[in-house]
2 protein chains.
Amino acid sequence: MSQTVDRALSILPLLAEGPADLGQVADRLGVHKSTALRLLRTLHEHGLVYRQSDQRYRLGARLFALAQEAMENLDIREIAHPHLVRLNEQCGHTVHLAVHEENEVLYIDKVESRYPVRMYSRIGKPVAITVAAVAKLLLADLPEPERRALADKLDYPLYTARSTPNAAAFLRELEQVREQGWATDLGGHEESINCVAAPVRGADGRVVAAMSVSAPNVVVTADELLTLLPQVRRTADAISGEYSGRTPVKGTPA
Amino acid sequence: MSQTVDRALSILPLLAEGPADLGQVADRLGVHKSTALRLLRTLHEHGLVYRQSDQRYRLGARLFALAQEAMENLDIREIAHPHLVRLNEQCGHTVHLAVHEENEVLYIDKVESRYPVRMYSRIGKPVAITVAAVAKLLLADLPEPERRALADKLDYPLYTARSTPNAAAFLRELEQVREQGWATDLGGHEESINCVAAPVRGADGRVVAAMSVSAPNVVVTADELLTLLPQVRRTADAISGEYSGRTPVKGTPA
DNA sequence: CTGGTGCGTTGCACCTACTGCAACGTCCAT
DNA sequence: ATGGACGTTGCAGTAGGTGCAACGCACCAG
């Protein structure tokens, strides 16, 4: 829409491929050297472009700083909430959003079931880390040594007969969850309650949050709940897309 | 230097603080809304800016992608080499550059000693990971569980009486290296050879490479070699600065 | 030492394309 | 209904971006 800015921004992906000198930049932009020089200078003043000792240009540190700062100020909750509400409107059950923090998994958002029988949970409360579906997803994404170290440190309380009994079983389950890309908790925390969960991923593919749908047996059976899996995954993917700023729309010029 | 581009780029740090709507952007730029709109649209087409569901703008995923791609295409060796040469010119000893890769530490560059007595080493060859100064620096930066897991997996060959004897001693040494920010190998690999090493860090502060100066006892004593530490650290810091694209120069406008 | 080539840089005249304005559409709250 | 807030569009004027040509400089070969 704005030619000058358009050209300037086209320099960035070009430099991402590797350092380039003024002539190369001008050629690939299809503009005169003097024009390219001015654009590069402007980019340089903003720190997006760095001039190395051999005079060639490359991307600068500011870019990294910006990306990082934006990351930190990104509030998953804010982004996810409308999606959670929509899912709740569709299926009626309790919807949770959870993140991993400091060896704990915490619920950070929740949309209450519209059925009279509700499950108990509280935003901000650590979840039962060894059995909750969301916890499995979040921990399954850790690098292997950390996963192992954490699994060893945990207690494995037997909430029910189906609770994860020990570190070995837990690690096996995490491996499976990691591969299939979703998780369940079928009566592992409270006999009568089942969950299905799916991961929310950031731009780099790492799991930044997990969301789940939970319902007691008296409302739907585990099998019925499992039929919601595609819907849950679709919702999680939608949140991932928005969180990582993937623009789902029209053509971006080469 | 270019007004339009200048304005467009000023939007980025502004959005890094958090999402903003058109009016806010226009105000803080001091331009008309229609102008801000056009700039935002251009940024949007390049994926640097994303429009969330509430119509507000925030930084887009492309920014991360660019930063990552630039990272990958950054060649430390290319950047470091002139610095290594300069250091070699100053002190005359062998200078090495090493990186950590797949449970190994590899020399990726080397400037030969200008003294007649040289130490043996080859670019591309894995270093003695349990004793080499550069290896200590690279491994000391790993997260604790990974460091531990790796230390357990390693063999601890007794090259000399001063070689690191076992995992416990190694981990203790890594902890110390981590805190002091430099490392040595005093006859741990070959009786008569000593090294001092310093880390090269990326924009995010993580250690991406390590460099060392090595010399045999017959040329300089260990104590004499240690007096070079400040020089080695200064060189490593210079490489870090250039690698991470920190522009050491003049004022960038607010 | 000299002439040549390749690079980044500068000043300038032309005219593109960026700007601000004002008007319109839409959505919400009153 | 009515007012306000906000994003969006078309348009006329001119700010400022563009390409050209010339310059300075470093490097290399004759």
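Naming: A, B, ... by sequence-line order, numbering from 1 per chain.
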**OP:** Count the heavy atoms of every other residue, nucleotide or ligand shown that sit under 6.0 Å from CD of B/E101, and state whether that count exceeds 12.
**Re:** no
Original post:
For A/L37 and A/R41, what are the C-alpha separation, side-chain angles and deciding distance, and is it a side chain to side chain contact (heavy atoms under 4.5 Å, CB included)?
Top reply: CA-CA 6 Å; A/L37 179 66; A/R41 276 228 255 262; 3.9 Å; yes
**OP:** Give a yes or no on whether the backbone of B/T184 and the side-chain of B/K136 come within a donor-acceptor separation of less than 3.5 Å.
**Re:** yes
Original post:
When all nucleic acid strands are considered with a 4.0 Å heavy-atom cut-off, which category describes B/R56: base, sugar-phosphate, or nothing?
Top reply: nothing
Contact list (N/O, under 3.5 angstrom) for nucleotides 27-30 of chain C vs protein:
none

Subject >> Whole-Å gap separating P (C/dC18) and CG (B/D6) >> reply: 15 Å
Original post:
Looking only at atom types and distance, does a side-chain atom of A/T42 sit under 3.5 Å from a main-chain N or O of B/V5, one as donor and one as acceptor?
Top reply: no
Original post:
Which pair of non-hydrogen atoms, one from A/V219 and one from A/E224, has the smallest distance, and what is that distance?
Top reply: O-OE1, 4.5 Å
**OP:** Could you state the atom-to-atom distance from NZ of B/K33 to P of D/dT8 in whole Å?
**Re:** 10 Å
Original post:
Are any side-chain N or O atoms of A/K110 and backbone N or O atoms of A/T94, one a donor and one an acceptor, separated by less than 3.5 Å?
Top reply: no
Subject >> Sequence neighbours excluded - side chain to side chain donor-acceptor pair (under 3.5 Å) pairs with any residue from residues 197-209 of chain B >> reply: B/D141-B/R206
Original post:
Taking CD from B/Q55 and C1' from C/dG25, how many angstroms apart are they, rounded to a whole number?
Top reply: 13 Å
Subject >> Minimum side-chain heavy-atom gap B/I239-B/L84 below 4.5 Å >> reply: yes
Subject >> Whole-Å gap separating C1' (D/dG7) and CD (B/Q52) >> reply: 16 Å
**OP:** Give a yes or no on whether the backbone of A/H93 and the side-chain of A/N88 come within a donor-acceptor separation of less than 3.5 Å.
**Re:** yes
Original post:
By side chain to side chain contact (heavy atoms under 4.5 Å, CB included), which residues pair with A/A236, not counting sequence neighbours?
Top reply: A/A198, A/V200, A/M211
Subject >> Expected output: side-chain B/Q24 to main-chain B/D21 donor-acceptor under 3.5 Å >> reply: yes
Subject >> Main-chain N/O of B/A36 paired to B/H32 side chain as donor or acceptor, under 3.5 Å >> reply: no
Subject >> Sidechain-backbone polar pair: A/H44 side chain, A/V49 backbone, donor-acceptor under 3.5 Å >> reply: yes
Just the atom pairs and distances: protein N or O near nucleotides 17-19 of chain D's N or O, under 3.5 Å.
unit_1	atom_1	unit_2	atom_2	d
D/dG17	OP1	B/Q3	N	3.4
D/dG17	OP1	B/T4	N	3.2
D/dG17	OP1	B/T4	OG1	2.9
D/dG17	OP2	B/Q3	N	3.0
D/dT18	OP1	A/R7	NH1	3.0
D/dG19	OP2	A/H32	N	3.4
D/dG19	OP2	A/T35	OG1	2.6
D/dG19	N7	A/S34	OG	3.1
D/dG19	O6	A/R38	NH2	3.4

Original post:
Looking at DNA chain C, which of residues 11-27 of chain B put a heavy atom within less than 4.0 Å of it?
Top reply: none
Original post:
Whole-Å distance between D/dC27 P and A/D54 CG?
Top reply: 13 Å
Original post:
So how far off straight is the helix from C/dG4-D/dC27 to C/dT30-D/dA1, going by the axes through five pairs at either end, to 10°?
Top reply: 40°
